[in-house]
Amino acid sequence: MRRSFVTILLVLAIGATIGSLAYPVFYSYPHRFDAVKAAVADPGPVVNTPWGPLSTADRDLVAQVEVDGLWEISAGRQAADRAPTQAVKEAGDELVTGHTDLDKRVRTVAAKLAITLPTQPTAEQQGWLAQLTAAQGDAYRREFANLLREEHGRIFQQLAQVRSTTRNTLIRDLATVTNRTELAHLSALEKTGYVDFGTVAHDATASPAAAPTQVPAPAAS
């Protein structure tokens with residue numbers, strides 16, 4: 001009798017152990033995508049357009065592309081004019097050419113979707129331009145390559161999210177073209193030979209500034 005009682009206790013203990021181990025597995029399976037869903041930003045108010053629904057995230061991307069162009073064109077022209085090296089000059093020319101084309105596309109998209117665009121760089125971007133203007137020689141070359149390289153890396157996060165979630169064909173096309181342009185700029189900046197990849201990688205993963213440069217959400221006209 002005593003032996004049977006001990007056996008029952010052992011069976012119950014083993015069952016309880018198996019249950020405690022199995023519960024997280026069975027519970028987590030239907031919830032396995034909860035973290036992914038939580039990581040996707042709330043698209044905010046959605047407006048219907050002939051090209052599909054337009055979310056706040058969509059509008060923010062249009063504004064971001066425009067405001068990035070405003071300061072990067074200025075930075076590119078400065079680099080091309082100062083021409084400290086041929087590679088830096090070519091990177092500057094690439095910035096000007098790419099963002100001039102993107103500016104035309106952004107304005108076309110904004111007009112169709114009734115989005116008001118920013119008209120000047122953010123205070124942070126103006127600070128970067130002042131920082132570049134004050135730099136000289138090797139310091140300038142490094143400031144130019146690393147500031148622009150880091151900022152281009154940041155917008156890829158925003159582009160990827162909007163490109164994968166938008167239901168608006170105009171926004172999807174703009175994100176696709178912008179992605180190609182930004183990649184070309186990244187390559188040109190890296191060819192200067194002045195990009196500190198260790199610092200860029202650390203800042204992109206460890207710094208709160210790794211998020212895209214924030215601009216006020218453009219108001220619908």
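Scope of the values below: all heavy atoms of this structure, side chains included, with no hydrogens, waters or symmetry mates.
I73 and V65 sit in two unconnected hydrophobic clusters of ILVMFWY residues. Membership requires side-chain heavy atoms under 4.5 Å apart, directly or through other members. V96 and L102 are members of different hydrophobic clusters when ILVMFWY side chains are connected at heavy-atom separations under 4.5 Å.
Every residue two or more places apart in sequence or in another chain that forms a side chain to side chain contact (heavy atoms under 4.5 Å, CB included) with K112 is listed here: W51, T108, L170. Here D173 pairs with nothing under the side chain to side chain contact (heavy atoms under 4.5 Å, CB included) rule; sequence neighbours left out. R82 pairs by the side chain to side chain contact (heavy atoms under 4.5 Å, CB included) definition with Q78, P84, Q136, Y140, not counting sequence neighbours.
For CZ of R105, the number of neighbouring non-hydrogen atoms (other residues, nucleotides, ligands) closer than 6.0 Å is 12 at most.
A donor-acceptor contact shorter than 3.5 Å is absent between the side chain of D93 and the backbone of A80. At distances below 3.5 Å, at least one donor-acceptor pair connects side-chain atoms of S164 with backbone N or O atoms of Q161. Remark: the backbone N or O of A57 is not paired with any side-chain donor or acceptor of D60 at under 3.5 angstrom. Counting only distance, with no hydrogens or angles, the side chain of Q126 and the backbone of P121 share a donor-acceptor pair below 3.5 Å. A donor-acceptor pair under 3.5 Å is absent between the side-chain atoms of N179 and the main chain of L159, judged by distance alone.
Between atom OG1 of residue T176 and atom CD1 of residue I171 there is a gap of 11.0 Å, rounded to the nearest 0.5 Å. The line from CD of Q125 to CG of L147 is 11.0 Å long, rounded to the nearest 0.5 Å. Taken to the nearest 0.5 Å, the CG atom of L54 stands 5.0 Å off from the CD1 atom of I115. Distance CG/N146 to CG/L189: 9.0 Å, rounded to 0.5 Å. Separation of atoms CZ (R167) and OG1 (T169) is listed at 12.5 Å; rounding is to 0.5 Å. How far CG of N168 is from CG of L113: 5.5 Å, rounded to the nearest 0.5 Å.
The shortest distance between side-chain heavy atoms of E143 and Q131 falls below 4.5 Å. Put simply, the side chain of R107 reaches to within 4.5 Å of the side chain of E66, judged on heavy atoms. Within the 4.5 Å cutoff, no side-chain heavy atoms of L174 are placed close to those of V162. Residues F197 and E190 are in side-chain contact: their nearest non-hydrogen atoms beyond the backbone lie under 4.5 Å apart. Side-chain contact between T85 and T192: absent, with no pair of heavy atoms (C-beta onward) separated by less than 4.5 Å. In this structure, T166 and L61 have side chains that are not in contact, with every pair of non-hydrogen atoms separated by 4.5 Å or more.
Residue pairs meeting the ring-ring contact (aromatic ring centres under 6.0 Å, His included) criterion with at least one member in residues 159-192, sequence neighbours excluded: H99-H185, H152-H185. Pairs of residues two or more places apart, or lying in two chains, never qualify as ring-ring contact (aromatic ring centres under 6.0 Å, His included) while including a residue from residues 101-125. Evaluation of the ring-ring contact (aromatic ring centres under 6.0 Å, His included) test over residues 59-95, restricted to residues two or more places apart or in two chains, returns W71-W128.
Nearest approach of P45 to T56, heavy atoms of both residues: CD-OG1, 3.2 Å. Of all heavy-atom pairs between P53 and D58, the closest is O-OD2, 3.7 Å. A pairwise comparison of heavy atoms in L132 and A75 identifies CD1-CB, 4.1 Å as the closest pair. The two residues G92 and A79 make their nearest non-hydrogen contact at CA-CB, 4.1 Å. Taking each heavy atom of A91 and A188 in turn, the nearest pair found is CB-O, 3.8 Å.
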Margin query: If you apply the rule side chain to side chain donor-acceptor pair (under 3.5 Å), what do you find for D68 with Q64, and how did you get there?
Written below: CA-CA 6 Å; D68 282 351; Q64 187 71 56; 3.0 Å; yes

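Between R77 and D81 there is no salt bridge, since none of the side-chain N atoms of the basic residue sits less than 4.0 Å from a carboxylate O of the acidic one. Here D101 does not pair with K104 in a salt bridge; the nearest charged N to carboxylate O distance is not below 4.0 Å.
Inspection of the D103 and T100 side chains reveals no N or O donor paired with an N or O acceptor under 3.5 Å.
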